[in-house]
Amino acid sequence: MRAPGYARDVTPHIDAFAARSAFFRECYAQGPSTRLSFPSLFTSRWDTQIEQELVGHHPFPVGGSERLLAEVLRDNGYDTAAILSDPYFSPRYWRGITRGFTRVDETAFTTEPRLPHNGARVTQAALDALEVQGQKPLFLWVHYYDAHSPHEQPEALPVFGSTRQDVYDAELKLVDREVGRLLQGIEARWGGKALVVLTGDHGIAFDEPRHATFNYGYDLHSSVLHVPLIFHAGFLPVRSLDGVVSTMDIAPSLANLLRLRGPLPYEGVSLVPELLEGKSSRPPELMHQMYIEERKWKQEEPLERVALRTERWNLLQDRKTGFFELYDYRNDYYETRDLALDPLYGATLGALRKQLTIL
């Protein structure tokens, strides 16, 4: 999504989609990278709760005791299909993450020639999946990877410049084009009968010096957790919502909207009151975790960092050092001014520390 005041119009199709949907402007991922975010998105559970098999390499296999969203939908009578864009998500590389999908399409990255950007193949595979649907309702996960590092200028798209951010913007333009094609295909096939959710697994930042080298994955700052969240269906009112929500709220929201049967051991909350009535339903705090499972191999603490987010504040704790940082992220988006040592914010810091301890 285009940030407020951003000069480049890189996502016109997604922006237009948000304008006719329920758009949560303040959605945040649980963790700062794909492997620290997708399991919590699909299970609606904290990384510290999710069973992982500590074998081989990361991303580690998702344990058999976990109930992933695709499994819940499959068990509720849905056909389930995943359109993958990168070998990272292949069952051969990340065991368990696609559990519950009866069809897993890898043609985007297995078809020759291999391409640095395969968004067009992803879209075509998704449109093909819509056409072969049988009698069951379909749950379709479509994942685009084109804006992921290493960044490379896409062919036949605007050249904004030579920096990584410039190239990333061109890649976003490509993703937006393909998402627009897919949305057009869904509309032609289903009209207002489809329920569409658009989101991301983490953000990416280019602010210097903090993210000059590593653009995500190493901290819990707002810029690397902030993602779009859009719900669209014929029965959902058009809304723009500013309350803080989490990607962990997606699974319980779908369970509520689709009346899915349990067990559903979700930690997130249903956003149906927001979607249908515009009323806030979830607690005004989010917790984020940076949980590095392989630290256990060295008998080190795997929960390296935690954060507490409210409607205004982002409190960060480095659990290795015990050091706290406090940011007014609504007014300081890139969190350049640490308020933790400012006596004017001592009461705020104390209250937030107490709430984070409780969580």
Side-chain angles (χ1 to χ4, degrees), residues 1-8 10 23-33 36-37 149 161 163-166 168-169 172 200-229 240-248 280 282-292 301 303-359:
M1 302 301 300
R2 180 156 49 151
Y6 196 55
R8 291 174 180 162
V10 293
F23 175 28
F24 292 88
R25 293 183 174 274
E26 296 295 330
C27 180
Y28 294 86
Q30 192 284 140
S33 67
L36 302 179
S37 178
S149 59
T163 69
R164 280 188 298 168
Q165 184 168 358
D166 292 331
Y168 173 72
D169 283 352
L172 283 182
D201 58 316
H202 60 80
I204 188 169
F206 297 93
D207 55 302
E208 297 184 359
R210 180 177 289 139
H211 296 113
T213 302
F214 300 107
N215 303 122
Y216 69 95
Y218 294 88
D219 59 69
L220 297 174
H221 286 279
S222 297
S223 55
V224 298
L225 298 175
H226 196 190
V227 296
L229 178 58
S240 181
L241 299 149
D242 290 324
V244 173
V245 300
S246 169
T247 53
M248 289 173 61
S280 178
R282 67 163 355 276
E285 303 93 14
L286 298 180
M287 183 171 67
H288 307 292
Q289 297 180 340
M290 186 171 168
Y291 184 72
I292 310 300
E301 170 57 59
L303 185 57
E304 289 192 0
R305 299 173 187 270
V306 291
L308 173 70
R309 181 181 309 279
T310 70
E311 298 285 352
R312 178 180 177 183
W313 307 104
N314 186 22
L315 176 68
L316 307 174
Q317 181 186 16
D318 184 329
R319 297 185 74 249
K320 293 187 296 183
T321 65
F323 187 72
F324 285 90
E325 300 170 68
L326 176 64
Y327 297 99
D328 180 0
Y329 72 96
R330 287 291 184 112
N331 297 301
D332 177 20
Y333 182 75
Y334 287 105
E335 298 173 338
T336 59
R337 185 186 174 202
D338 182 6
L339 305 173
L341 298 180
D342 189 327
L344 293 177
Y345 298 94
T348 298
L349 177 65
L352 292 171
R353 286 183 59 172
K354 181 178 179 179
Q355 183 63 28
L356 179 59
T357 301
I358 293 172
L359 290 174

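The residues of the chain are indexed from 1 along the displayed sequence.
The side-chain tip of R210 does not point at the ring of Y216 from less than 6.0 angstrom away and within 45° of straight on. At least one cation-pi condition fails for R337 and Y327: the charged atom is not both under 6.0 angstrom from the six-membered ring centre and inside a 45 degree cone around its axis.
Judged as a ring-ring contact (aromatic ring centres under 6.0 Å, His included), and not counting sequence neighbours, the contacts of F214 are Y218.
Inter-residue side-chain proximity for L303 and Q289 is flagged as met; some heavy-atom pair is nearer than 4.5 Å. L308 has its side chain out of reach of N314: every pair of non-hydrogen atoms, C-beta onward, lies at least 4.5 Å apart. Contact of the D318 side chain with the E304 side chain is not registered, since no non-hydrogen atoms from C-beta on lie closer than 4.5 Å. Side-chain contact between V224 and H202 is absent, with no heavy atoms from C-beta onward closer than 4.5 Å. Using a 4.5 Å cut-off on side-chain heavy atoms (C-beta onward), R8 and D166 make contact. T163 has its side chain out of reach of F206: every pair of non-hydrogen atoms, C-beta onward, lies at least 4.5 Å apart. A heavy-atom distance below 4.5 Å is not found between the side chains of L316 and R305. Side-chain contact between H226 and C27 is absent, with no heavy-atom pair separated by less than 4.5 Å.
Rounded to the nearest 0.5 Å, atoms CG (D207) and CD (Q165) are 9.0 Å apart. Note that the OG atom of S149 and the CD1 atom of I204 stand 6.0 Å from one another [nearest 0.5 Å]. To the nearest 0.5 Å, the span separating CE on M287 from CE on M248 amounts to 8.0 Å. To the nearest 0.5 Å, the span separating CZ on F324 from CG on D338 amounts to 12.0 Å.
Defined by atom type and a distance below 3.5 Å, a donor-acceptor pair is present between the side-chain atoms of E335 and S222. Judged purely by distance below 3.5 Å, without hydrogens or angles, the side chains of N215 and H211 never pair a donor atom with an acceptor atom. In this model, no donor atom of one side chain and acceptor atom of the other lie less than 3.5 Å apart for Y334 and H221.
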Worksheet entry | Pair E301-R319, side chain to side chain contact (heavy atoms under 4.5 Å, CB included): steps then yes or no | CA-CA 8 Å; E301 170 57 59; R319 297 185 74 249; 3.3 Å; yes
Worksheet item: Going through the distances and angles, do L315 and L349 end up as a side chain to side chain contact (heavy atoms under 4.5 Å, CB included)?
Response: CA-CA 8 Å; L315 176 68; L349 177 65; 3.5 Å; yes
Worksheet item: Checking side chain to side chain contact (heavy atoms under 4.5 Å, CB included) for the pair V306/L356: CA distance, chi angles, key distance, verdict?
Response: CA-CA 8 Å; V306 291; L356 179 59; 4.0 Å; yes
Discussion item. Working note: L225 + H288, criterion side chain to side chain contact (heavy atoms under 4.5 Å, CB included); need CA distance, chi angles, decisive distance, verdict.
Written reply: CA-CA 9 Å; L225 298 175; H288 307 292; 3.6 Å; yes
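A salt bridge is absent between R309 and E285: the closest approach of a Lys/Arg side-chain nitrogen to an acidic carboxylate oxygen does not fall below 4.0 angstrom. A salt bridge between R330 and E311 is present, with a side-chain N of the basic residue lying under 4.0 Å from a carboxylate O of the acidic one. Comment: D328 engages R312 in a salt bridge, judged by a side-chain N to carboxylate O separation of less than 4.0 angstrom.
T247 approaches V227 most closely through the heavy-atom pair CG2-CG2, 3.8 Å. Closest approach of S223 and A205 over heavy atoms only: OG-CB, 3.5 Å.
Formation of a donor-acceptor pair under 3.5 Å by the R282 side chain with backbone atoms of G243 is not found in this model. No donor-acceptor distance shorter than 3.5 angstrom exists from the side chain of S33 to the backbone of G217, with no hydrogens or angles considered.
The aromatic rings of Y329 and Y28 lie perpendicular to each other, with more than 60° between the two planes, well past the 30° mark.
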